[in-house]
Amino acid sequence: MDSPPQDSSPQGPQPGPPALHEEAPREPILTLPAALTAYILLLALIHLRVLLPPELENWTIDVFGFIPKRYDSSLLNLQIPGGAGAKVWSFVTYSLLHANLTHLGFNVLWLLPFGSALARRFGAIRFFVFMAVTAAAGALAHLVTHEHAVAPMIGASASVSGAMAAAIRFAFARGSFLSFSRSDADTAAKVPALPLSRALRDGRVVGFLAVWFGVNIIFGVGAIGVDAETTSVAWQAHIGGFFAGLLLFALFDPVPRVRSDVADASSQDVSDRI
């Protein structure tokens, strides 16, 4: 009788398969935060005004667009729809109107990376107030440079420019969304910002500024006149919004600032060696 086969395997507990370490999913950098999504939906909803009868649509532009002629004290008998109230609200409401889908789409396209980072960093209330303040700064710059203009200015480009300017205060820091070692979207938006004096010594920031100013002055983007014969780019409004975003960023920023003596080290990135 054959004896039963002997188990030649080693005694004792056997090692199992190697453990798999699951990493938390990395959130895409362009996943839109709720505040930015709401802002874009608001712009899209307001743009449905183009479906109104022409006379009503023109009235909407006259009431809510920014018209420098409203503030011309020499024209006491000039009747512009909106009255005294429009002299106040049009500093912001013009930024919610767009001439066409291309105009709207271009502004939204620029908002996707920069507005997304800013909305994550600021939170909804700060983000909306910031967009309103930069819109007003753009309108003021347009008023100063177009004192007697009759054509309404519309478009969110001044606010978009302000968001871009604010975002570059932290965009190139290590771990942020324009660095080569960025983290997930929420972490990338919360890295400490560079002090303004330090940011303006960063070659990447200076390069970004040079390209942005060059593009806006030469070509311009965004806020335009409505009259087809006088359509033009309000690049002065873009610059006004940009400077407001750059200089007022610290008033809105909830993230603690780093000291200047450690900013140089914390902002270094692999891109410095490329």
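All heavy atoms count here, side chains included; hydrogens, waters and symmetry mates do not.
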Which atoms form the tightest heavy-atom contact between [X] and [Y], and what is the distance?
| X | Y | result |
| --- | --- | --- |
| A237 | A158 | O-CB, 3.5 Å |
| W110 | V160 | CB-CG1, 3.6 Å |
| A189 | A117 | CB-O, 3.5 Å |
| L246 | R169 | O-NH1, 3.0 Å |
| V255 | V191 | CG1-O, 4.2 Å |
| V63 | S90 | O-CB, 4.5 Å |

Rounded to the nearest 0.5 Å, how far apart are [atom1] of [X] and [atom2] of [Y]?
| X | Y | atom1 | atom2 | answer |
| --- | --- | --- | --- | --- |
| I80 | D72 | CD1 | CG | 9.0 Å |
| M153 | I67 | CE | CD1 | 11.0 Å |
| R121 | S116 | CZ | OG | 13.0 Å |
| L97 | E57 | CG | CD | 9.5 Å |
| S95 | I46 | OG | CD1 | 8.5 Å |

Is it the case that the ring center of F91 lies less than 6.0 angstrom away from the ring center of F66?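 Yes, close enough.
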When the ring centroid of F213 is compared with that of F242, is the distance short of 6.0 Å?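 Yes, they do, as the ring centres are separated by less than 6.0 Å.
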Does L251 offer a backbone N or O that forms a donor-acceptor pair with the side chain of R126 under 3.5 Å? no
Does a sphere of radius 6.0 Å around [atom1] in [X] hold more than 12 heavy atoms from other residues, nucleotides or ligands, not counting ones at 6.0 Å or beyond?
| X | atom1 | value |
| --- | --- | --- |
| E147 | CD | no |
| L45 | CG | yes |
| F128 | CZ | yes |

H142 and H146 aromatic ring geometry - parallel, tilted or perpendicular at 30°/60° bounds: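 Parallel, since the angle between the ring planes stays under 30°.
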Determine whether [X] and [Y] make a side-chain contact, defined as any pair of heavy atoms from C-beta on separated by less than 4.5 Å.
| X | Y | value |
| --- | --- | --- |
| P192 | P256 | no |
| H148 | P68 | no |
| T134 | L248 | no |
| F170 | F249 | yes |
| V133 | V92 | no |
| V50 | N100 | no |
| I61 | R49 | yes |
| H98 | F106 | no |

I'd like to know whether Y94 forms a ring-ring contact (aromatic ring centres under 6.0 Å, His included) with F64, so could you lay out the CA-CA distance, the side-chain angles of the two residues, the decisive distance to 0.1 Å, and finally the verdict. CA-CA 6 Å; Y94 82 93; F64 298 104; over 10 Å; no
Linking I/L/V/M/F/W/Y whenever their side-chain heavy atoms sit closer than 4.5 Å, directly or via other members, would L41 and L43 fall into one cluster?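 Cluster IDs for L41 and L43 differ.
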